[in-house]
2 protein chains.
Amino acid sequence: MYFYYMLEQIRQLLPQLSPSEGRVAQWVLNHPKEAAGATLAMLSRECKTSEPTVLRFCKRVGLGGFRELGIRLTEALSNPLSYVHRDVGPDDSSSDAILKVMDASIQSLIDMRAGLSSMPIDRSVAILKKARQIALGGLGASGHVAGDACHKFFRLGIPCSTLVDTPTILQFAAIAEANDVLVLLSHTGRWPEFATAARLATARGATVIAITNPDSELAREASVLFPCPVIEDTSIYTPMSSRLAQLALLDALYVALALASGEQAADRLRISKDALRRQAV
Amino acid sequence: MYFYYMLEQIRQLLPQLSPSEGRVAQWVLNHPKEAAGATLAMLSRECKTSEPTVLRFCKRVGLGGFRELGIRLTEALSNPLSYVHRDVGPDDSSSDAILKVMDASIQSLIDMRAGLSSMPIDRSVAILKKARQIALGGLGASGHVAGDACHKFFRLGIPCSTLVDTPTILQFAAIAEANDVLVLLSHTGRWPEFATAARLATARGATVIAITNPDSELAREASVLFPCPVIEDTSIYTPMSSRLAQLALLDALYVALALASGEQAADRLRISKDALRRQAV
DNA sequence: TGTCAAAATGTAGTAAACTTTCAGAAATTC
DNA sequence: GAATTTCTGAAAGTTTACTACATTTTGACA
């Protein structure tokens with residue numbers, strides 16, 4: 001449970017409230033979000049009491065009036081204590097669960113940011129800048145990350161493709177040439193085909209950039225490694241927030257590459273943005 | 001640069017507002033704290049205009065009424081601003097640029113978290129729970145977001161598909177049936193085909209959930225709206241960090257839906273996770 | 001420059017909101 | 001069991017949010 005200032009205040013005053021006022025307090029504690037947007041009439045009806053009683057409740061918890069209750073409640077609800085991640089369980093209320101998911105996502109980005117300085121971004125940029133073509137490979141959720149990244153990189157004018165299944169990845173690796181870059185995204189890095197593909201591509205003189213678990217076969221075979229720790233999904237409800245971090249990492253890589261590519265790339269970006277603006281996304 | 005969800009929304013819309021409405025916007029931006037607690041009369045007096053003008057301003061920035069402005073503003077003001085984003089320029093060093101991109105991503109998630117309580121998640125869950133099938137539509141970067149979301153939702157056992165081009169979206173809308181849900185993702189909401197699709201689908205009794213700019217044709221046609229502010233890309237280098245927020249939003253929606261769907265859905269999730277674990281991602 | 005349509009703005013009115021007053025009911029005290 | 005205090009809601013008073021409509025302003029075009 002999160003610590004909300006206003007709600008805690010109410011909880012503490014709960015015992016010394018009169019029965020009717022107590023009902024109001026209880027309802028507010030149980031439905032803080034609804035209470036924040038409710039009107040005096042709605043709230044009094046919900047608590048089976050009269051409007052003045054609700055108002056007296058407000059005064060008693062130290063507020064100037066009913067209107068202030070709404071303000072304090074929205075304040076309390078949108079003020080996170082920290083983004084410490086706890087797993088979602090089946091007993092969580094919907095709004096609790098949502099906040100937990102969100103916090104986990106934020107935390108994973110914060111973690112990524114902290115580790116960014118030790119990532120081989122400069123090396124990757126140097127390699128990507130000379131690339132004849134870039135292929136991004138990933139399965140499942142990572143496939144979507146690869147697709148998103150491809151959609152960014154191609155705007156720099158570099159031939160770019162997405163590979164979302166193992167046969168295609170293997171085929172690409174088998175015919176790769178020098179200056180081709182294969183970016184492989186894998187959560188655990190344990191699909192044996194990925195390591196094979198990395199070996200094949202490297203043997204043909206191509207470069208393999210892996211964004212994966214550092215303790216894996218794929219990580220060992222890759223030319224450049226972006227280490228991403230494996231987050232064990234302790235709860236079945238938790239979506240993989242690590243993919244958000246991967247997306248952000250690729251964003252960062254893209255921007256670094258765009259900057260390194262100078263005016264020509266900047267022009268291409270301008271042109272491609274204008275093309276969209278003339279329509280509307 | 002954008003710190004606050006609501007305030008940034010107002011700032012972005014500032015240029016296309018009429019003079020009087022512009023004065024209101026300016027005053028709100030300059031005195032957000034006061035504006036959050038103000039009454040309609042106070043605000044209109046302060047901006048030397050009439051009450052309806054203030055109200056029109058509220059509608060135009062995507063709010064339901066004046067009361068909502070107060071709520072959104074207190075929300076915006078009470079969330080901590082840490083990851084201050086500045087735009088990436090061509091003179092930035094590579095490492096500076098990377099951190100800026102990362103900060104922008106984190107900030108967009110924080111903003112999304114702050115605005116989450118006012119999103120129609122519960123309504124959406126109720127609708128999705130009864131859905132015969134879910135189709136997620138989006139173009140360009142939004143298409144990848146749609147794909148990612150589809151990849152999550154189908155695990156709950158709901159027939160699910162991704163639509164990444166306008167003809168397909170229109171066709172789906174044209175043959176949609178009651179209890180079909182069409183989720184449309186659009187950055188600006190200004191592709192006329194999206195609004196048409198929404199209208200078509202609604203006419204056939206299907207439900208349209210839009211994740212888009214609240215000031216758009218699509219937003220008006222949708223049955224359920226998740227308002228997302230349009231972030232103008234002031235710099236050609238800046239990637240759209242809003243899509244990360246959209247991903248996280250869909251994560252939240254997914255978890256809420258999973259929880260609401262009870263044991264049967266939980267079982268499906270367990271089974272699908274096990275299927276992967278026996279291999280390796 | 002004049003005409004007209006569209007946009008912008010304000011006036012006036014209304015329904016609903018918030019707040020206060022007051023009197024009766026319930027609990028407590030003596 | 002009467003007196004006192006506390007609790008409660010009906011009703012009335014004020015303010016607020018919103019709507020409909022009228023007026024003004026703007027801008028396009030002849």
Side-chain angles (χ1 to χ4, degrees), chain A residues 6 10 13-28 31-75, chain B residues 6 9-10 12-29 31-76 118 190 214-217 219-220 225 227:
Chain A
M6 187 71 233
I10 294 172
L13 260 57
L14 193 57
Q16 46 182 301
L17 293 175
S18 73
S20 302
E21 288 173 21
R23 281 206 306 282
V24 178
Q26 202 62 61
W27 196 88
V28 170
H31 313 82
K33 192 185 144 194
E34 288 90 329
T39 76
L40 196 45
M42 284 159 69
L43 195 51
S44 63
R45 183 153 17 88
E46 205 68 52
C47 301
K48 305 200 190 323
T49 182
S50 63
E51 301 190 6
T53 300
V54 176
L55 207 65
R56 273 188 291 265
F57 158 78
C58 296
K59 295 274 168 69
R60 198 175 296 248
V61 295
L63 300 169
F66 178 76
R67 195 152 310 169
E68 208 182 328
L69 179 69
I71 295 177
R72 288 289 100 76
L73 282 177
T74 43
E75 242 174 40
Chain B
M6 188 71 235
Q9 168 86 350
I10 294 172
Q12 293 300 337
L13 258 57
L14 193 56
Q16 48 180 298
L17 293 175
S18 71
S20 304
E21 287 173 18
R23 279 205 307 282
V24 178
Q26 201 64 61
W27 196 87
V28 171
L29 288 175
H31 313 82
K33 193 74 199 273
E34 288 89 328
T39 77
L40 197 45
M42 283 159 69
L43 195 51
S44 64
R45 182 152 19 86
E46 205 69 50
C47 301
K48 305 197 192 322
T49 181
S50 63
E51 300 188 7
T53 301
V54 177
L55 212 63
R56 275 188 289 262
F57 158 78
C58 295
K59 295 274 169 68
R60 197 174 296 249
V61 296
L63 300 168
F66 178 76
R67 188 150 323 156
E68 209 181 331
L69 179 70
I71 296 177
R72 289 294 99 75
L73 283 177
T74 44
E75 244 174 37
S118 57
R190 297 211 181 102
D215 181 31
S216 66
E217 181 75 9
R220 280 182 286 277
L225 171 66

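Letters go in sequence order (proteins before strands), and every chain restarts at 1.
Atom pair A:Leu40:CG and C:dT20:C1' shows a separation of 12 Å (rounding to whole Å applied). Summarising the geometry, the separation between CZ on B:Phe57 and P on D:dA17 is reported as 15 Å, rounded to the nearest angstrom. Summarising the geometry, the separation between CZ on B:Phe66 and P on D:dT15 is reported as 17 Å, rounded to the nearest angstrom. Spacing between atom CG of A:Leu55 and atom C1' of C:dT21 amounts to 13 Å, rounded to whole angstrom units.
For the pair B:Asp215 and B:Gln16, the minimum side-chain heavy-atom distance is below 4.5 Å. A:Cys47 has its side chain within reach of A:Leu43: a pair of non-hydrogen atoms, C-beta onward, lies under 4.5 Å apart. Looking at heavy atoms from C-beta onward, B:Phe57 lies out of side-chain contact with B:Thr49 at the 4.5 angstrom threshold. Annotation: side chain of B:Val54 is not in contact with side chain of B:Leu69 (no heavy-atom distance under 4.5 Å). Residues A:Arg67 and B:Thr39 form a side-chain contact, since some pair of their non-hydrogen atoms from C-beta on lies under 4.5 Å apart. Under the 4.5 Å side-chain criterion, counting only non-hydrogen atoms from C-beta, B:Phe66 is not in contact with B:Glu51.
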For nucleotides 5-10 of chain D, just jot down a letter per nucleotide in 5' to 3' order: B, S or -, based on protein non-hydrogen atoms under 4.0 Å.
--SBBB
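In the helix from C:dT1-D:dA30 to C:dC30-D:dG1, the end axes, each obtained as the rotation axis mapping the C1' atoms of four pairs onto the next four within a five-pair block, lie 20° apart to the nearest 10 degrees.
Between the side chain of B:Arg23 and the backbone N or O of B:Lys48 there is at least one donor-acceptor pair closer than 3.5 Å.
Counting only N and O atoms by type, the side chains of A:Thr74 and B:Thr74 include a donor and acceptor under 3.5 Å apart.
Residue B:Arg67 places its side chain closer to C:dA17 than to any other of C:dA17, D:dT16, D:dT19.
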